[in-house]
Amino acid sequence: MKPRVLAVGGPTSTGKTAFGVLLAKTACGEVVSCDSMQLYKGMVIGTAAPTPEETGGVLHHMVGVVDPAVSFSVADYCAMAAPILADIHARGLVPVVVGGTGLYMDCLLSGMTFLGQQETGEVRRQLWAQDGEALWKRLAELDPQAAASIHPANKKRVIRALEVVLTTGETMTARAARQSAAESPYEVTKICLDLADRELLRARCERRVDEMMEKGLLEEVEGLLKKPGLRASTAFQSIGYKELATYFDGILPLERAVEDIKTATKKYAKRQRSWFRRDGATLWYYRDQLSGEAIIDDLRQRNLL
RNA sequence: GCCUCUGUAGCUCAGCUGGUAGAGCAGGGGACUGAAAAUCCCCGUGUCGGUGGUUCGACUCCGCCCGGAGGCA
């Protein structure tokens, strides 16, 4: 009997945090955040990291635990989160994995184990200086399968695949197969939240940004930008931070920078939906049609709680 | 009141000397195994302000009307 895991995904601004708390309370669980940005320290407002009021006493893991200037990846996330799941299980509780980072969620829940260390800095730098098309052709020779699935224009992913062959001597395709677990070590119930009304989701994304500004996003970003090495970090890619940096750099007026945050948030929500929709074994609930309690009731009727 | 410029996709605009329109952004769909809130791919029929006219044929020329911007009074 595999240990039970509840998961909550879906686009941003659909109420995952609140529902995650409700679900954890109902199922005697603890929340394990699955958000590539909330896990950084000091990025609270811009990532809408759960506040003490929002968590309502439910323990949240993987929030504010990494130095923003340090580079972090899916592999690091899984290395940190998997033991937390084990610990929660060991204490007889249910982990509730909540967040919008689809890649992190899938890797964690499928029991992926990443091989070896990541030492690609120099190789990566050299590859970036080269022509994208040429790189893709090179990849087509070294790892035809990877090349077939990566668009030549997607330089970032072409380089990643090349890095793997060049530094490990193993194709990304072969490596990926070795890293994947034959089957998930968990009994997963995956729930995704969305809004049926697209216009409403867009409006909520915009309101979310306005609220962040009211809560002091500007000050948070200003403070963070003083940290050395931050601009080159993964954390800096977070929506809100890089846009407000253009304001601090005098490139855009504040109003425009905030507009950019809004459109970036809306586009992000769209990409998240695409990701989460891929998994057919997911229960989707429209938050503009069902309350959290109604969703819990439905899950009970399905014998999932 | 007169003169000039202007009115083309949700927004900003391209459209040579007439042959019924096309970009960027927004929006939609998708991909995604160590940067993933990242990166990338696909999708553009709209009364070309309205109305008359010239023409085989007008977004493109002419008249008038309506709506903008500026200048002179």
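Comparing B/rG63 with B/rC3, their P atoms are spaced 11 Å from each other, to the whole Å. Taking the P atoms as reference points, B/rC42 lies 31 Å from B/rG7, given to the whole Å. Here the separation of B/rG29 from B/rG22, taken at their C1' atoms, is 22 Å to the nearest Å. Nucleotides B/rU12 and B/rU20, compared at atom P, are 27 Å apart to the nearest Å. Comparing the P positions of B/rG53 and B/rG57 gives a spacing of 12 Å, expressed to the nearest Å. Using P as the reference atom, B/rG24 and B/rG19 are 23 Å apart when rounded to the nearest Å. On the C1' atoms, B/rU60 is 6 Å away from B/rG18, given to the nearest whole Å. Comparing B/rC41 with B/rU4, their P atoms sit 47 Å apart, to the nearest whole Å.
The side chain of A/Arg124 lies closest to B/rA35, out of B/rA35, B/rA31, B/rG27. Checking B/rG28, B/rA36, B/rC41 against every side-chain atom of A/Arg198, the shortest atom distance belongs to B/rG28. Here the nucleotide nearest the side chain of A/Lys270, chosen from B/rU33, B/rG28, B/rA31, is B/rG28. Minimum atom distance to the side chain of A/Thr234 is reached by B/rA35, of the listed B/rG27, B/rA35, B/rU33. Here the nucleotide nearest the side chain of A/Asn154, chosen from B/rA36, B/rG28, B/rU39, is B/rU39. The side chain of A/Arg271 approaches B/rC40 more closely than any other nucleotide in the set B/rA35, B/rC40, B/rU33. Side chain of A/Lys266, nearest nucleotide from B/rG30, B/rG27, B/rA36: B/rG27.
Rounded to whole Å, atom C1' of B/rU33 lies 16 Å from atom CE of A/Met105. As rounded to whole Å, 12 Å separates atom P of B/rA36 from atom CZ of A/Arg160. To the nearest angstrom, P of B/rA26 lies 9 Å from CG of A/Asp260. In this structure, the CD1 atom of A/Ile150 is 16 Å from the P atom of B/rU39, given to the nearest Å. In this structure, A/Met62 places its CE atom 15 Å from C1' of B/rA36, rounding to the nearest Å. Atom OH of A/Tyr268 and atom P of B/rA26 are 18 Å apart (whole Å). Taking atom CD1 of A/Ile239 as the reference point, atom C1' of B/rA35 lies 14 Å away to the nearest angstrom.
Salt bridge A/Arg256/A/Glu259: absent, no basic N to carboxylate O contact under 4.0 Å. Look at A/Glu170 and A/Arg175 and you find a salt bridge, because one of the NZ, NE, NH1 or NH2 atoms lies within 4.0 Å of a carboxylate O, short of that distance.
Of the possible donor and acceptor atoms, none in the side chain of A/Glu141 sits under 3.5 Å from a partner among the backbone N and O of A/Arg138.
The residue among A/Glu163 and A/Lys242 whose nearest nucleotide of RNA chain B is located toward the 5' end is A/Glu163. Toward the 5' end of RNA chain B, the nearer of the two residues A/Gln272 and A/Gln179, judged by each one's closest nucleotide, is A/Gln179.
Taking every heavy atom of both residues into account, A/Tyr40 and A/Asp67 meet most closely at CD2-O, 3.9 Å. The heavy-atom pair separating A/Thr47 from A/Ser238 by the smallest distance is CG2-OG, 4.1 Å. Smallest separation of non-hydrogen atoms from A/Pro11 and A/Ala269: CB-O, 3.6 Å. For the residue pair A/Leu230 and A/Phe236, the shortest heavy atom distance occurs at O-CB, 3.1 Å. Nearest heavy-atom pair, A/Lys16 versus A/Gly10, reported as atom, atom and distance to 0.1 Å: NZ-O, 3.1 Å.
At the phosphate of B/rG30, OP1 or OP2 sits under 4.0 Å from a side-chain N or O atom of A/Arg277. Within the 4.0 Å cut-off from OP1 or OP2 of B/rA35, not a single side-chain nitrogen or oxygen of A/Arg231 is found. Here A/Arg157 does not reach the OP1 or OP2 of B/rC41: none of its side-chain N or O atoms lies under 4.0 Å away. Side-chain nitrogen and oxygen atoms of A/Arg273 include none within less than 4.0 Å of the OP1 or OP2 phosphate oxygen of B/rG27. The phosphate of B/rU39 has neither OP1 nor OP2 within less than 4.0 Å of any side-chain N or O from A/Lys155.
Within the nucleic acid shown, A/Trp128 comes within 4.0 Å of at least one base atom, counting heavy atoms only. Counting non-hydrogen atoms under 4.0 angstrom, A/Asp35 reaches a base of the nucleic acid. Residue contacts shown for A/Thr47 include a base, since a base heavy atom lies under 4.0 Å away. Heavy atoms of A/Ser180 sit under 4.0 angstrom from at least one base atom. Across all strands, A/Gly116 comes closer than 4.0 Å to base atoms (heavy-atom distances). Using a 4.0 Å heavy-atom criterion, one finds that A/Tyr77 contacts no nucleic acid atom at all. Within the nucleic acid shown, A/Ala153 comes within 4.0 Å of sugar-phosphate atoms alone, with no base atom in reach, counting heavy atoms only. At a threshold of 4.0 angstrom between heavy atoms, the contacts of A/Thr101 are confined to the sugar-phosphate backbone, with no base atom among them. A/Tyr104 comes within 4.0 angstrom of the backbone, heavy atoms only, and of no base.
In RNA chain B, the stems built from three or more successive Watson-Crick or G-U pairs (distances below 3.5 Å) are B:1-7 with B:66-72, B:10-13 with B:22-25, B:27-31 with B:39-43, B:49-53 with B:61-65.
By the rule that hydrophobic residues join a cluster once side-chain heavy atoms approach within less than 4.5 Å of another member, A/Leu200 and A/Tyr268 end up as members of separate clusters.
Sorted by first and then second residue, the ring pair (Phe, Tyr, Trp, His ring centres under 6.0 Å) pairs involving residues 52-103 of chain A (not counting sequence neighbours) are A/Tyr77-A/Tyr104.
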